[in-house]
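See structure below.
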Amino acid sequence: MLSYLVRRLCIGAITLLLITFMIYGLIRNMPGTPLTMDLAETDPSRQISDEDLQRLERIYGLDRHWSVAYFQWLGNLARLDMGRSFREKRPVTEVIGERVGPTLVLSVTSLVLAYLLAIPMGLFATVRSGRTDERILSTVLYMLYSVPAFVTALLLLNLFYVRLEGTLFQLPLGGMTSMQYDQLSGLGKVWDRLQHMILPVTCATYTGLAYYSRFVKSNMEEVIRQDYIRTARAKGVGPFGVVVKHAFRNTLIPFVTLMGLTLPGLLSGFVILESVFTWQGMGLLFLDSITNRDYPTIMGLTFMFSVLTLAGQLIADILYAFVDPRVTYS
Amino acid sequence: MTEPTIMQRDVPRSPLVARVEGEVSRGFWATSWVRFRRRKLAMTALGFVGLLTLVALFSPAIAGTKPIVCRYRGRLYFPAMSYFHPRWENEIFFRDGFRMRYVQNLREKDPDSWAIWPLVFQDPYRRVRDGEWPGQPGNESYAAPNPHNLFGTTHPGVDVFAQMVHGTRVALLVGFVATGIAAVIGITVGALAGYLGGWVDMLLSRLIEMVMCIPALVLILALLAVLDTPTIWHLMAVLGMTGWTGIARLTRGEFLKLRQTEYVSAAAALGAGQLRIMFRHILPNSLAPVLVPISFGIAAAILIESGLSFLGFGAPPPNPSWGSLLNAGRNNLQMWWLIVFPGTAIFLTVLAYNLIGEGIQEATDPKLRQARQ
């Protein structure tokens, strides 16, 4: 087990090096630098002179070739320094750290909701397999699975922001709090935050819901045909007991893998949704840092996403060995 | 050599023999097709994709402002073809100063000319103005759906229906080309890794793992940004280059399994080369499971393309794309026609490819087939 872990960690480290090297090369070769992207917005009369530009480039280390700059970045990373954001003029860790919370609020809420709804739905679909109500439920879920979240987001905004304007049901356009948030009372603040969460969470939940419930159902269909289920039925276990205790608990192993694989998605999965709802999370930060050519921030985010993906895979594999005694890594 | 076959065909047979032989000769793909055809939903989906293909192929004939066929100064021209590629417009129309206005210019510059016009006189790239087409008023900006603009208009008065019809081309092309590239890369990498094994497998597996670990959107956005002016073809290439890992893993697994089989040893004993064994003997037998992620991959590629256009990172603006219509809808939320029509189109197309993928899975996977019985 230990040697397996060490080998996996070594391979993971090499993978990380290659990924960051590749992404660093790519982003440094994008046209425009953080300096010019910033200047493009100011008026031409105040444009910076060539000498000043070169001076700035030297200060920010943009005058060196990207491969040299990469190893500099790597060296700083080894000293736990991710550099400073060009845009925000603050350390990258601080900029990213600020965005973790909002994204987690969105992703954890929607993940919990999706699981809470998907498991009963999947079990229901297994029990009623082939009947009319099951067909309707499965078809609706299947169709939901094919609707892109950004289309739903726009439709919901059209309904709740535009059509219901002025009524009790109007929901905010985006953001996480209203403009007058600071003046609200304690309960008002909670209500305000909830109102801002409803639409993003709905959109983030439903795609996962469709996927997980199908996942539950397909796993259950395999288990429900096993001999021990027939045995359980024969010895007189009630239908609820058979489905939940005997069948569902045996489908939990693939669930463990699935959870491991959703780990990186918790922080990176909502780029488009966060952009629609101007939700100040990691996804929006990533989009903004790409448009602003904010190299340190892009690298920080890429590094974090890749670490999470690798960690998620490793955790899934290790958990797999824990929950299923047939799997060993020695 | 051909004589015996002719002879055989002429020999009268009992119906029983013919029937038995017919059943024997029905191969894997034919049985799969029969099984696929039984699934009504999958067949409907296939029909829908066929319909979309027709719309894409005939888009200039459905909506456009250029004649499909016209006779001008004694010769036949097909100006509508320029919607496929700008250079396919005959230069005579530039020389004579048509400036994209065909109706009046044809009448003024050659009274004897005639033309066959598209079904809907609307352009996906520009606003149709007053008096361009007899009896049709000019487009207003942000017009709600009306008899002249079936799906309404966007900001400079460009018809949404025309943009949707021409956007079909982009959506279908992205799906096919991007997934085609992904399939070629994925199958090649997976086949090499699975068949050769050893250090090749080790290296290629690490490569697959690495590409899988890079968040897809990071890679796509970075690659698109490196290109100064990304076109729709660049986008397809980028999507193809990032989306092959699933196919590669599956192909690798299939090849690992199949290289142990007797027919592979038989082929090797007969002196077949490695490439021949890989692509002539193993590949056709491992293709069925690989088709499933390909079909889902087409759906995913269409989703990603529309998502990128929606964010404003897709193909440059004049390209009509469903996603860029949604992008316009995002800034004008009260204009439901900018959201509902392209949204429905994306939804139906993605649904269709998902259903087809599932149909293939159920038709070709022996495990699922046994489960049904």
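Here is the naming used below: chain letters follow the sequence lines, and residue numbers restart at 1 for every chain.
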Checklist entry - With a 4.5 angstrom heavy-atom cut-off, which part of A:Ile23 approaches chain B: side chain, backbone, both or neither? => result side chain
Checklist entry - Do any N or O atoms from the side chain of A:Thr152 and from the backbone of A:Cys203 form a donor-acceptor pair under 3.5 angstrom? => result no
Checklist entry - Is the A:Tyr145 ring parallel, tilted or perpendicular to the A:Tyr142 ring (thresholds 30°, 60°)? => result tilted
Checklist entry - Can a salt bridge be assigned to the pair A:Arg214 and B:Glu358 using a cut-off of 4.0 Å between side-chain N and carboxylate O? => result yes
Next on the checklist: Just so I understand: if I count every heavy-atom pair under 4.5 Å between each of B:Ala352, B:Ser306, B:Ala299 and chain A, which residue has the most?
Outcome noted: B:Ser306
Item to check | Side chain, backbone, both or neither of A:Gln313 within contact of chain B (heavy atoms, under 4.5 Å) | outcome: side chain
Next on the checklist: Under a plain distance cut-off of 3.5 Å, with no hydrogens placed, do B:Arg330 and A:Ser275 share a side-chain donor-acceptor pair?
Outcome noted: yes
Checklist entry - Any chance the rings of A:Trp73 and A:Phe21 have centres within less than 6.0 Å? => result no
Checklist outcome for this item: Scored by heavy-atom pairs under 4.5 Å with chain A, the best of B:Val340, B:Leu338, B:Leu41, B:Leu311 is B:Leu311
Item to check | Contact class of B:Arg206 relative to chain A, heavy atoms under 4.5 angstrom | outcome: side chain
Checklist entry - Given a strict heavy-atom distance threshold of 4.5 Å, which part of A:Val151 is in contact with chain B: side chain, backbone, both, or neither? => result both
Next on the checklist: Between A:Val276 and chain B, with a heavy-atom cut-off of 4.5 Å, which part of the residue counts as in contact: side chain, backbone, both or neither?
Outcome noted: both
Checklist entry - Are the side chain of B:Trp336 and the backbone of A:Asn158 linked by a donor-acceptor contact shorter than 3.5 Å? => result no
Checklist outcome for this item: Looking only at A:Phe286, A:Phe305, A:Tyr161, most heavy-atom pairs under 4.5 Å shared with chain B are made by A:Phe286
